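First comes the structure, then the notes that go with it.
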Amino acid sequence: MTDYNQLEKIRLQKIEELRAEGLEPYPTRAERTHTSRQAIAALDAVGDEGIEVRATLAGRIRATRPMGKLTFTHIEDGDGKIQLFLRVNELGQEKVDFFNKMYDLGDFVQASGVMMRTRTGEPTLQVHDFKMLSKAVSPLPAAKDETLEDGTVLRHAALEDPELRARQRYADLAVNPNVRETFRKRAAITKAIRTFLDDNGFLEVETPILQPLYGGAAARPFVTHHNELDQDMYLRISFELYLKRLLVGNLERVYEIGRDFRNEGVSFKHNPEFTQLEFYCAYADYLKVMELTENMIGYVCDTVFGTRQFAFDKDDSTHYDLDFSTPWRRVEMRQGILETSGIDIANYPTAEALFQAIIAKYPNKNPDPHAARGKLIDFLLGEFLEPTLIQPTFLYDYPRDISPLAKSKPGDALTVERFEGYAAGFELCNAFTELNDPLDQEQRFLDMGRDYTDDEEEKHPLDEDYLRAMRYGMPPNGGFGMGMERLAMLLTNNRSIREVLLFPALRKEE
RNA sequence: GGGCGCGUAGCUCAAUGGCAGAGCAGCGGCCUUUUAAGCCGUUUGUUGAGGGUUCGAGCCCCUCCGCGCUCACCA
């Protein structure tokens, strides 16, 4: 049984009173002739000619100022806010009093009348008739906007608690227009990515989310069970192995935008489910993919935001001005690590030697003594290099042993043709010249299995069907993956992934 | 999983171990161009949950729950 608070009980009472007067608080149909923006535009269009602009508006009451014989109310619709003006002259005292008594913040209303301007010039609907469209039982978290002299809007008592905002995203969206704007931008970003890839000859495809084997990344999967098949299934951790099967099938350029699931920790940049973009491009290598990437991001910047300059506040005291102009800076990993840590990984071809070099130079750091060489390089990368990668940068040429699906650099057995895109100090995307040699691939799977026998969590399952596909012949190709939330964070200046997820993962209530 | 921090009214926040408060929202009243409208009056609490110390706990201690930051993890 719902436990209503005092404010809600009052509103429930009003619902009964409305019904008692023969007025339906939740009518089936609504009419609207103009959105707020359309009504204002119509008023602007007639100018001073004295032509009457009649309009019926619909929206949600966000502020109301009753003054006895007058009431000013702001309603908000999908286009913005507009003021309603109720006056005894048109409506009579009884109707004005009725409105003031029965209509609350948060209610959806419909109002008809004539557009006018108030003494301050604000476009306003002078109301001749009004109707409840949906009575709100629970009051929305109060949020009042104050427009300061310089035009900036100051918000008072807005819903701010991050947990409440995420749990009750509907309320967050209802009272915080900037949150709505973030998700509109996120949608526009996704749409621009699709347009860019479609225009570049890529085919959008969909591959299985429920998979009998998982692969394509190193992450713990979610496990579920198919009853009829009596078989465990995994929620995918990446699309990679399925998309590359399609290249075997002569689809030269494919991409997928969809959900990945990784059964791991939650942080400001990790959510257990997130939206991934992956594309694979036959006859491209990682250099070609770098160009595609910076052009694709540039296209998104231009079409959605009209600029390539972005402010990003990493935390309260760290502000970055990011520039997504092409070409992005390119840093070779070995060189970057050398410059930021003073250690040349090329001088230490084994894990043991590299480990000794790190602790000799940095006795305060704690690299894992049992880590593989690639893991140690990754440690150096995270400790020293990554924090310096503020402007959009491609970091390229990665250690082979942490990149089992990437092709080796010709003449360098320890290095693969792989790059990651960085901005604001965190990883944005990951790409490589894809390994298409079935014999090499099989050996890499076996090596991974051997290297991680102690560590069940990171063991790569060997995907026989993927190898079978590759044996039919896979064209040389470049592949790319990017977390869409990461991109949305960067371009909308949100420091937490939760701000760009409508419903981020939360512990269940109670 | 480890460390640090937070949790008080519908919302935003106060309260030295000593009567649980303010603004907004709500309710009653005044007000014919307001816009955080204003003015007068007024209501609202399992202080996240449970236990302990104390004459007395929102505050101190323990356990649990939730969230935030951070580390680990995330090739």
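Keep in mind the model is a prediction, meaning the values are calculated, not measured.
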Ring pair (Phe, Tyr, Trp, His ring centres under 6.0 Å) involving A:Tyr280 - partner list, sequence neighbours excluded: none
Under 4.0 Å between a side-chain N/O of A:Arg65 and OP1 or OP2 of B:A37, yes or no? yes
Measure the distance from CG on A:Asp172 to P on B:C67 and round it to the nearest whole Å. 16 Å
Answer with yes or no whether A:Asn5 presents, from its side chain, a donor or acceptor under 3.5 Å of a partner atom in the base of B:U44. no
When the C1' atoms of B:G29 and B:U33 are considered, how many whole Å apart are they? 22 Å
With respect to the side chain of A:Glu383, which nucleotide from B:A72, B:U33, B:C69 is positioned closest? B:A72
Could you list the donor-acceptor pairs under 3.5 angstrom formed between side-chain atoms of residues 262-269 of chain A and any protein atom two or more places apart in sequence or on another chain?
unit_1	atom_1	unit_2	atom_2	d
A:Arg262	NE	A:Ile237	O	3.1
A:Arg262	NH2	A:Ile237	O	2.9
A:Asn263	ND2	A:Pro221	O	3.4
A:Glu264	OE2	A:Arg220	N	2.8
A:Ser267	OG	A:Lys269	N	3.1
A:Ser267	OG	A:His270	N	3.3

How would you label the contact of A:Asp145 with the nucleic acid (heavy atoms, under 4.0 Å): base, sugar-phosphate, or nothing? sugar-phosphate
For A:Arg167 and B:C11, give me the distance from atom CZ to atom P, rounded to whole Å. 14 Å
Separation between the C1' atoms of B:U8 and B:A14, rounded to whole Å: 9 Å
Just how far, in rounded Å, is C1' of B:U33 from CZ of A:Arg87? 9 Å
Whichever of A:Pro66 and A:Asp104 has its nearest RNA chain B nucleotide further upstream toward 5': A:Asp104
So does A:Glu499 pair up with A:Arg165, basic N to acidic O under 4.0 Å? yes
Checking contacts here: which listed nucleotide (B:U34, B:G26, B:A37) is nearest the side-chain heavy atoms of A:Ile10? B:G26
Searching all strands shown, indicate the nucleotide that pairs with B:G7 (Watson-Crick or G-U wobble; both distances under 3.5 Å). B:C65
In terms of side-chain heavy atoms, does A:Glu256 have a donor or acceptor partner in A:Thr207 at a distance below 3.5 Å? yes
Measure from the side-chain heavy atoms of A:Arg220 and tell me the nearest of B:U35, B:C73, B:C27. B:C73
Work out how far the C1' atom of B:G58 is from that of B:G21, and round it to whole angstrom. 12 Å
Whole angstrom value for the distance that separates C1' of B:C67 from CD1 of A:Ile497: 17 Å
Would you call the rings of A:Phe312 and A:Tyr320 parallel, tilted or perpendicular if under 30° counts as parallel and over 60° as perpendicular? parallel
Can you tell me if the side-chain N/O atoms of A:Lys101 get under 4.0 Å from OP1 or OP2 in B:G26? no
B:G18 -> Watson-Crick or G-U wobble partner, both distances under 3.5 Å, gives B:C55
What's the gap between B:A15 and B:C59 when it is taken at their C1' atoms, as a whole Å value? 10 Å
So, does the side chain of A:Thr120 form a donor-acceptor pair with the base of B:U33 at under 3.5 Å? no
Hunt down the Watson-Crick or G-U wobble partner of B:U44, both distances under 3.5 Å, from any strand shown, or write none. none
Inter-nucleotide P distance (B:G56, B:G18), Å rounded: 14 Å
So what does A:Lys14 touch, heavy atoms closer than 4.0 Å: a base, only the sugar-phosphate, or nothing? sugar-phosphate
Candidate nucleotides B:U44, B:A75, B:U33, ranked by approach to the side chain of A:Gln6 - the nearest: B:U44
Residue pair A:Gln83/A:Pro139 against RNA chain B: nearer the 5' end by closest nucleotide is A:Pro139
Of the listed nucleotides (B:U33, B:A25, B:U32), which one gets closest to any side-chain atom of A:Leu105? B:A25
If you measure from the P atom in B:C40 to the same atom in B:G10, how many Å do you get, rounded? 26 Å
Could you tell me how far B:U70 sits from B:C60 if I compare only their P atoms? Round to whole Å. 25 Å
Is the side chain of A:Arg11 donor-acceptor paired with the backbone N or O of A:Ala136 at a distance under 3.5 Å, no angle test? yes
Without decimals, in angstroms, what is the distance between A:Glu264 CD and B:C71 P? 17 Å
Check every strand shown and say whether A:Pro399 touches a base, only sugar-phosphate, or nothing at a heavy-atom separation below 4.0 Å. nothing
Which listed nucleotide (B:U35, B:U34, B:A25) is nearest to the side chain of A:Met67? B:U34
Nearest-Å distance, CD (A:Glu8) to P (B:U44)? 17 Å
Ignoring the backbone of A:His74, work out which of B:U34, B:U32, B:U35 is nearest its side chain. B:U35
Applying a 4.0 Å non-hydrogen cut-off, can you work out what A:Leu164 is touching in the nucleic acid: base, sugar-phosphate, or nothing? sugar-phosphate
Ring centres under 6.0 Å, that's the criterion: do A:Phe432 and A:Tyr398 meet it? no
Base, sugar-phosphate alone, or nothing: which one does A:Val175 contact when heavy atoms must sit under 4.0 Å apart? nothing
Roughly how many Å is it from NE2 in A:His270 to P in B:A72, rounded to a whole number? 11 Å
Among B:U32, B:U33, B:A25, the one nearest any side-chain atom of A:Val88 is B:U32
Using both distances under 3.5 Å as the test, list the Watson-Crick or G-U wobble partner of B:U35, or none. none
Measure from CG on A:Leu12 to P on B:G26 and round the result to the nearest Å. 16 Å
Report yes or no: is there a donor-acceptor pair, N or O only, under 3.5 Å between the side chain of A:Glu122 and the base of B:U33? no
Please measure how far the C1' atom in B:C31 lies from the corresponding atom in B:G7, and state the result in whole Å. 42 Å
Residues A:Thr35 and A:Asp77: side-chain donor-acceptor under 3.5 angstrom: no
